[in-house]
Amino acid sequence: MYRNFKIVPNIIFGRGSFNQLGDILKAKRPAGESTMVFVLDRVFTGTALESRLPLEKGDLLIHVNVDEEPTTNYVDELVAKVRASTSRLPDGIIGIGGGSTMDLAKAISLLLTNPGSATEYQGWDLIKYPAVYHAAVPTLAGTGAEISRTTVLTGPDKKLGINSDFTLFDQILLDPELLAGVPKEQWFYTGMDCYIHDVESLNGTFLNEFSRAYGEKSIELCRQVFLEDHPDKDDKLMMASYFGGMSIAYSQVGACHALSYGLAFVLGTHHGIGCCIAFDYLEDIYPEGVREFREMMAKHDIKLPRNITRDLDEQAMETMTSVALNLAPLWENCLGKDWQSIMTRQRVRELYNRM
Ligand code: NAD
Ligand code: ZN
């Protein structure tokens with residue numbers, strides 16, 4: 001069976017396109033009263049970007065804290081806050097920030113129309129009702145969260161996305177100018193998330209011509225961004241992120257992502273850096289990719305944290321191993337149907353021991 005997947009219907013790309021956000025939202029505002037909820041990464045508090053938000057009377061601006069990656073608790077809290085602030089269902093939720101902020105915006109829009117806690121919807125196609133209109137403005141590039149059908153959340157007992165067609169944004173606005181000023185390490189780690197999406201997709205057993213087409217273009221753009229010098233590298237990285245996301249939409253990620261989920265769950269390691277840490281130990285699986293990744297690290301003088309699992313006890317190591325091994329589709333994409341005999345518990349433990 002081939003998947004019949006939905007993609008984001010409206011996309012605007014270009015330097016300065018952020019200035020058009022007001023007009024885009026105007027079309028979504030009903031006559032009379034309207035309420036848009038702007039979910040803004042609090043790193044932008046008091047900045048020029050914040051002052052450019054097309055806020056109107058009745059709108060709500062929420063500054064979100066993404067020091068920790070989104071949790072189901074935080075989503076529930078934010079949904080309660082939106083409900084308490086307005087008696088009507090908002091006309092739109094606009095996420096402005098990196099992958100974490102975009103995921104929060106997706107989750108809020110879903111939970112406003114689907115009853116209960118975010119924990120009840122972690123999984124595949126558990127969402128019953130369409131979300132409130134939601135749009136994204138990425139300020140970091142790499143995760144592909146802008147075009148994916150998931151919002152990745154850490155719950156009390158698992159890190160798992162709310163995967164559904166309703167999760168997809170209705171609109172994305174890609175303005176490369178918004179990447180200016182991202183600290184180098186963060187730029188690199190989030191950008192490498194994209195590079196690793198491409199490597200895992202292009203080397204996976206689920207690969208088809210659709211995924212290959214997007215993955216090859218994305219990895220080519222990543223090479224231009226991270227191994228060459230281009231004045232328009234932010235434009236390139238934004239498109240790489242989008243294409244990388246499109247590539248995995250019809251294939252899957254692999255070993256590196258499975259391992260990074262374990263690190264995130266037990267140690268709270270953020271996605272981009274966690275993928276970089278894990279990828280550096282996967283030369284047996286992705287020899288070419290890891291070699292090129294190290295070249296990129298050297299060019300940008302990136303030093304990865306080491307020995308991060310050193311102080312973990314037996315139970316924590318076992319939990320980490322279980323979290324990684326539970327991601328069966330990722331392993332199957334990476335190693336084929338017979339993956340369990342190749343990636344044994346012991347081998348995962350050894351990989352984690354080395355990190
Ligand atoms: P992020 O959103 O977690 O942000 C990382 C840091 O960069 C934060 O401190 C943030 O405040 C800061 N930041 C954001 N934009 C900035 C800017 N323009 N200038 C300066 N600082 C800025 O980082 P990310 O790597 O984009 O996203 C990672 C998150 O995305 C994780 O929570 C991960 O689970 C999620 N993710 C989601 C998907 C998906 O398909 N939904 C895919 C991959 C990752
Ligand atoms: Zn990723």
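Heads up: numbering here begins at 1 and tracks the sequence. A quick note: this is a predicted structure, and the numbers were derived from the prediction, not measured. All heavy atoms count here, side chains included; hydrogens, waters and symmetry mates do not. In listed order, ligands and their atoms are each counted from 1.
Taking every non-hydrogen atom of Lys106 and a distance limit under 4.0 Å, the qualifying atoms of ligand 1 come out as 41 (N). Taking a cut-off of under 4.0 Å to the non-hydrogen atoms of Pro183, the atoms of ligand 1 that pass are 20 (C), 21 (N). Heavy-atom proximity to His271, at under 4.0 Å, picks out these atoms of ligand 1: 31 (C), 33 (C), 43 (C), 44 (C). Atoms of ligand 1 found under 4.0 Å from any heavy atom of Gly98, numbered from 1 in the order shown, are 2 (O), 26 (O). Residue-ligand proximity, Ser148 to ligand 1, at heavy-atom distances under 4.0 Å covers atoms 39 (C), 40 (O), 41 (N). Numbered from 1 in the order shown, with element, the atoms of ligand 1 that lie under 4.0 Å from a heavy atom of Leu178 read 18 (N). Using a 4.0 Å cut-off to heavy atoms of Val66, the atoms of ligand 1 that qualify are 8 (C), 10 (C), 11 (O). Residue-ligand proximity, Pro70 to ligand 1, at heavy-atom distances under 4.0 Å covers atoms 32 (O).
Within the model, atoms CZ of Phe226 and CE of Met192 stand 4.0 Å from one another, a figure rounded to the nearest 0.5 Å. For the atom pair CG (Asp59) and OG1 (Thr35), the distance works out to 6.5 Å, reported to the nearest 0.5 Å.
Put simply, the side chain of Val79 reaches to within 4.5 Å of the side chain of Leu112, judged on heavy atoms. Side-chain atoms of Leu263 and Tyr352, non-hydrogen and from C-beta on, do get closer than 4.5 Å to each other. Two residues are said to be in side-chain contact when any heavy atoms from C-beta on lie closer than 4.5 Å; Glu69 and Val152 fail this criterion.
Listed by chain and number, Asp193 OD1, His197 NE2, His257 NE2, His271 NE2 are the protein N/O/S atoms closer than 2.8 Å to the Zn ion (ligand 2), with waters left out.
Between Asp103 and ligand 1, at least one N/O pair is under 3.5 Å apart. Polar contact check, Asp41 against ligand 1: a nitrogen or oxygen pair lies under 3.5 Å apart.
Ring geometry, Phe188 versus Phe293: the interplanar angle falls from 30° to 60°, so the pair is classed tilted. Ring planes of His271 and His197: tilted class, angle from 30 to 60°. Using a 30° and 60° split on the angle between ring planes, Phe279 and Tyr195 fall in the perpendicular class, above 60°.
A salt bridge does not link Arg347 with Glu350: none of the charged nitrogens is closer than 4.0 Å to a carboxylate oxygen.
Counting only residues at least two apart or in different chains, side-chain hydrogen bond (donor to acceptor under 3.5 Å, both in side chains) contacts with residues 7-18 comprise Arg15-Asp235.
In this structure, of Gly244, Gly245, Ala145, the residue bringing a heavy atom nearest to atom 38 (C) of ligand 1 is Ala145.
For the pair Lys159 and Tyr261, the cation-pi test (distance below 6.0 Å, angle within 45°) is passed.
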